[in-house]
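Report on the structure given below.
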Protein chains: 2
Amino acid sequence: MATPHTHTHDHGSWNTHAADALARKGTRRSSARDAVVTAIAAQDCCASAQEIHARLRTDGSTVGIASVYRTLELLHGMGLVTRIDTGDGVARFEPTHPGGEHHHHLVCTSCGAVEAFHDDALEEAIHRIADRVDFRVDAHDVALRGACRACR
Amino acid sequence: MATPHTHTHDHGSWNTHAADALARKGTRRSSARDAVVTAIAAQDCCASAQEIHARLRTDGSTVGIASVYRTLELLHGMGLVTRIDTGDGVARFEPTHPGGEHHHHLVCTSCGAVEAFHDDALEEAIHRIADRVDFRVDAHDVALRGACRACR
DNA sequence: GTTTACTTGATAATGGTTATCATTACCGCG
DNA sequence: CGCGGTAATGATAACCATTATCAAGTAAAC
Ligand SMILES: [Mn+2]
Ligand SMILES: [Mn+2]
Ligand SMILES: [Zn+2]
Ligand SMILES: [Zn+2]
C-alpha cells in the first residue's frame with residue numbers, strides 16, 4: 001500500500017503536454033520559458049525557483065530569476081505544476097501529471113530532505129472527505145514530518 | 001466520519017498544560033510570554049504571529065512583535081504548538097492538545113478562509129503509512145484546497 | 001518589413017521572519 | 001531583604017524569498 005515512490009514517468013510526455021497547453025492558450029514561444037519548462041520536465045520531485053534557476057545557469061542558460069518565477073506562476077495557474085510548501089518558507093514545484101497520478105512527501109525536519117510516497121488508502125480517505133464536506137475541494141496535500149534514515 | 005470540527009476544548013487546560021511545561025523547563029516567568037500563551041490558549045484554530053500580536057495590542061498589552069515570534073518558536077520547539085502553512089507565505093499556529101487530538105484544514109484559495117475538519121479514516125491511513133515507511137514520522141499535516149461555500 | 005504587444009532580465013520594492021543590542025526584571029543566593 | 005548573573009524584552013536593523021517595475025528585446029500577425 002505505502003510504497004517508496006518509483007520514478008516511472010516519461011519526462012518528455014509532460015514536456016509535450018505542457019507545451020501543447022501553452023500553445024492552446026496562445027502564449028508566444030520564448031527561449032526563457034522553454035528552458036524553464038524543460039527543466040521542470042526533468043524533475044521527478046519538487047524543486048524551488050532558485051534551484052531551477054541555478055540549474056539553468058549552470059547549464060549555460062542566461063534566463064533571469066524573474067522569468068523562472070513568472071513561468072512557475074503561469075504553469076501553476078494553468079494547473080500544469082503543483083506547488084508544495086514544506087514549511088521552510090520556500091515554495092517548491094513539480095510537474096502535475098495529466099492522469100491525476102501524484103505523490104506526497106516525507107520531510108526531514110532535521111536536514112530538510114524530501115522523499116516521495118504514495119498510498120491508495122490515503123487517497124481514498126481524502127476523496128471521501130471531499131465528498132462529505134461543505135467545500136469544493138480542488139487539490140490536497142499531505143506532508144509527513146520527522147527524521148529521515150540518515151538523521152535518525 | 002468527516003465531521004465539521006466541533007470546538008469542545010477547555011482553553012484553560014491547554015494554558016495550564018503549557019505553563020506547567022514551561023515551568024518544568026525552567027524558563028523565567030514574564031508578562032510578555034504569559035500574554036502570548038494566554039492568547040494562544042484562546043484559539044480554536046490557527047492564527048499568525050501578526051494576528052496574535054494585533055489582538056494583544058488591541059487588548060492594551062505592550063508586547064513586542066519579537067516576543068510573539070520568540071514565544072511561538074519556543075512553544076513550537078517544545079511541541080506545545082502546531083505550525084500550519086497554508087501556502088500564503090504566513091506561518092500560523094494553534095495549540096497542540098496533549099492527548100494527540102487534532103484537526104486538519106480546508107483552505108479557500110480564493111478568500112484565504114480556513115476551516116477545520118477531522119476524519120478517522122484519514123488518521124488511520126496516515127498511521128499505517130508511518131509504520132511502513134523508512135522514516136521516523138513525528139507529525140503530519142493535511143490541507144484540502146478549493147473554494148469555501150461563500151466563494152463557490 | 002512594419003507594427004503591436006507579449007516577454008525578458010535587471011533591479012527595486014515588499015513583507016514576513018530573524019538577528020542584534022541596549023535595557024529591563026526574574027530569581028537564586030548570601 | 002538587597003545583589004548579581006543572566007534570561008527576557010522591545011525597538012529596529014538585517015535577511016531573503018517573492019513581486020513589481022520598466023526599458024529593451026522579439027515573436028507573430030498583417
Ligand atoms: Mn493525494
Ligand atoms: Mn491528523
Ligand atoms: Zn514530489
Ligand atoms: Zn486549525
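Throughout, a chain's letter reflects where its sequence line sits, starting with A, and its residues are numbered from 1.
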Gap between atoms [atom1] and [atom2], on [X] and [N] respectively (whole Å):
X	N	atom1	atom2	value
B/Arg92	C/dT17	CZ	C1'	14 Å
B/Arg83	C/dG16	CZ	P	14 Å
A/Gln50	C/dG9	CD	P	15 Å
A/His53	D/dC16	NE2	P	17 Å

### Query
What pairs with A/His53 under side-chain contact (heavy atoms from CB on, under 4.5 Å), at least two apart in sequence or on another chain?
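Only A/Arg57, A/Ile65, A/Val68 meet the side-chain contact (heavy atoms from CB on, under 4.5 Å) criterion with A/His53.
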#### Entry: Any residue of residues 18-36 of chain A with a heavy atom less than 4.0 Å from an atom of DNA chain D
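Nucleic-acid contacts, sorted: A/Arg28, A/Arg29.
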### Query
Among residues 60-75 of chain B, which residues get a heavy atom nearer than 4.0 Å to DNA chain D?
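Here the set is B/Thr62, B/Val63, B/Gly64, B/Ala66, B/Ser67, B/Arg70.
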Distance alone, cut at 3.5 Å: any donor-acceptor contact between the side chains of [X] and [Y]?
X	Y	value
A/His140	A/His102	yes
A/Thr86	A/Asp88	yes
B/His104	B/Glu123	yes
A/Glu94	A/His103	yes

### Query
When the nearest nucleotide of DNA chain C is assigned to A/Arg57 and to B/Val90 on a heavy-atom basis, which residue is associated with the more 5' position?
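Residue closer to the 5' terminus by nearest nucleotide: A/Arg57.
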Any ion pair linking [Y] and [X] (charged N to carboxylate O, less than 4.0 Å)?
X	Y	value
B/Arg92	B/Glu51	yes
B/Arg132	A/Asp119	no
A/Lys25	A/Asp20	no

